[in-house]
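Working notes, beginning with the structure itself.
Within every chain, numbering begins at 1; the chains are lettered A, B, ... in the order of the sequence lines, protein sequences first and strands thereafter. As the structure is a computational prediction, the values presented were derived from the model and not from experiment.
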There are 2 protein chains.
Amino acid sequence: MSEQPVRARLVDVAERAGVSKATVSKVLNGRQDLNVRPETRRRVHEAAEALGYRPHSGARALAGASTHALALLVPALDNPTYVTIARGAYQRSRELGYLSLLAEDFDGQEADESFNDLVQEGRVDGLLIASARPGHPLLKALRASPVPHVFVNRSVEGSERNVTMDVARSSVTALDHLHSLGHRAVGHIAGPPGITPSDTRKEAFLRHAGELGLSAAPVASGDFTEDGGGSAALELLRPVDADGHPPVTALYTSSLAQAMGAMAAIRSLGLRVPEDVSVIGNDDLPVAAHLHPPLTTVAMPLYELGTAAVDALVAAIEGAPLRDVVVPTEPRLVLRSSTAGPAEPGGTP
Amino acid sequence: MSEQPVRARLVDVAERAGVSKATVSKVLNGRQDLNVRPETRRRVHEAAEALGYRPHSGARALAGASTHALALLVPALDNPTYVTIARGAYQRSRELGYLSLLAEDFDGQEADESFNDLVQEGRVDGLLIASARPGHPLLKALRASPVPHVFVNRSVEGSERNVTMDVARSSVTALDHLHSLGHRAVGHIAGPPGITPSDTRKEAFLRHAGELGLSAAPVASGDFTEDGGGSAALELLRPVDADGHPPVTALYTSSLAQAMGAMAAIRSLGLRVPEDVSVIGNDDLPVAAHLHPPLTTVAMPLYELGTAAVDALVAAIEGAPLRDVVVPTEPRLVLRSSTAGPAEPGGTP
DNA sequence: AAGTTCAAGTCAACCGGTTTCCTCAGACGG
DNA sequence: CCGTCTGAGGAAACCGGTTGACTTGAACTT
């Protein structure tokens, strides 16, 4: 029954604690430029607690203080990669006393709207942007109205506010695995060109393929979707030779959806996974274990990417200078059944 | 260059249009209790446009008006079902001049926090709740502080504010399909007990199985996940008889993830989909087409569920009385390759 | 001609916080 | 004994909107 039917306000807390609004505000915001007796401090906290006081975010924002809210813009919510990042961001936000709002930014379609709704209307203090790409409308808006913001996963060249993972390393990990199984002709299904993690992964793939001395390392681009992966896979697997062997014996894809599309494409050519073609995908999401066959992946620190991005953004909001950050956790190989040694040359008909 | 570096405020618009703040506010909010000359009205709109004016949501909320924001609470964002609902909600919100915020409510874990952050701190005008279940902490909080809210998909008995789909019909559609293929023993993988769409689907399944005179219609429950579907499938498929035939020749699952788990379980018993066991899943999400084999589904109007929920909630916020709503679009069978006629009795070894 | 009505806006209080500048009492130094 | 300093907290302005009461000039009645 200590529950009030109506919201408790700052004055209510002040009255109950026997002090003024000003004092309550200062105490609850933990300002150290202030002298209050421990006893008073205690009374204030007690009153706030008892009344279940929650500051009105609008009033706070109006008074020139922080809204204690961030927004995360992701390009596609049906891509579990972003959901994982979002979870990390949400959790870390909480820990830092911020609320993180999630918005889908269909590759720029909604960017301006979201920007207006969230930033211009003063709902958030900063932006986590996972949907950046060259020419994105948001980039212009951000220059006009310089809200604190960081770029997550997809970086923006020269912005000095990118929070990313070691994606180059993921290509190396994937290739090393396939190489150690005996594969010498490996194809890579990249994401759309121009998107940084995609480009970086591709360059690292080509470089390391050279270092390993692979006999073939073709690359095809496609959307991060099943269809994108499917058509890219067909590009890489054709033409099959007289014995029915495709030009590569393994595929390394940029997303899980692409891996699914690639596996379907492989089957459509009458080939099997992994007997004829091995497949390894990026990002170890729960579904990977439930595909047929279960997919070998390179696990990326997505959750951690989310937390790191929030750390950087909150620091920026609180006045620290921004700089590029790469989360330290290394990509990790998760072995399942979609990769195996290649059929011996001239082997099974 | 019409871009101002600083936010335009109401006074700025008023000044530019040569009227008072009050007039601008009334004009922009389209209040009809007001007399303004069309000419004045035009000038106001023009000025607002030119300055790129956006009302500060906090100021607005503080002044006792609406924040023009809603929140959607979903139990799991990695379930694309909810993402689809969220998209419908988001889109419809926009059309109605609201912003819809998405929050993950891990089956009640985060409910109180979210409630505090969003409702108590005055960030939103209403709640769309897709994560309801009996005993959910939110239900108590909602009674204490009666914010406008509706329950989406998962209904709350007697609340008179449920927005749902015709899930009973989806069971009928699925069963009719399997029956027409010749299946007479069909198992159903239900969701966790106590969650309404799950219970309703199950009851409809049993009723219609009776109407069709099926020889067997066992039900097993499991989480909406792959693992949940997998273990439920094993329950239903065991024991296999001397010929290796399981007790049912088809499975109808409550979620796509369950269907994936079920297909893996079927294979683990050395059986094939659809030759030995057919599988049909609920909700036609894009991935369904890319599974192996492509999954036959019952398409539910998820997007529309999202839009209908927003319609109901906004109506409630604007003062209309609430009532239960069922979206009119009927479940639709989407035929793919995971369903086929059962093997003839005593057929393939 | 004076009173009434109405259209077209304006005034100013208010929402719930934050922050700057003050006050006030007691301690302390000279 | 008086001036000053300092610790502890208060008064009030302000943020940017909304809203109901109020003003004003013109037209319309009687």
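- A donor-acceptor pair shorter than 3.5 Å cannot be found between the side chains of S114(B) and D105(B).
- Looking at N162(A) and T164(A), their side chains never bring a donor and an acceptor atom within 3.5 Å of each other.
- For dG9(C), the OP1/OP2 oxygens have a side-chain nitrogen or oxygen of R37(B) closer than 4.0 Å.
- Taking the C1' atoms of five terminal pairs at each end of the helix from dA1(C)-dT30(D) to dG30(C)-dC1(D), the two resulting helix axes are inclined by 60°, rounded to 10°.
- Listed nucleotides: dG17(D), dA8(C), dG10(D). Nearest to the side chain of V19(A): dG10(D).
- Contact between the side-chain N/O atoms of R7(A) and the OP1/OP2 oxygens of dG17(C) is found at a separation under 4.0 Å.
- Surrounding CD of E49(B) are at most 12 heavy atoms belonging to other residues, nucleotides or ligands under 6.0 Å away.
- Among residues at least two apart or in separate chains, ring pair (Phe, Tyr, Trp, His ring centres under 6.0 Å) pairs with a member in residues 55-100 of chain A are H68(A)-Y98(A).
- If you check residues 40-49 of chain B against DNA chain C, the residues with a heavy atom closer than 4.0 Å are T40(B), listed by number.
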Name each donor-acceptor pair under 3.5 Å that joins a side chain in residues 309-322 of chain A to protein atoms two or more places apart or in another chain, with its distance.
unit_1: D311(A); atom_1: OD1; unit_2: R92(A); atom_2: NE; d: 2.7
unit_1: D311(A); atom_1: OD1; unit_2: R92(A); atom_2: NH2; d: 3.3
unit_1: D311(A); atom_1: OD2; unit_2: R92(A); atom_2: NE; d: 3.3

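- Taking every heavy atom of residues 118-125 of chain A and every atom of DNA chain D, no pair lies under 4.0 Å.
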Is there any protein nitrogen or oxygen under 3.5 Å from a nitrogen or oxygen in nucleotides 19-27 of chain D, and what are the pairs?
unit_1: dT19(D); atom_1: OP2; unit_2: R31(B); atom_2: NH1; d: 3.0
unit_1: dG20(D); atom_1: O6; unit_2: K26(B); atom_2: NZ; d: 2.8

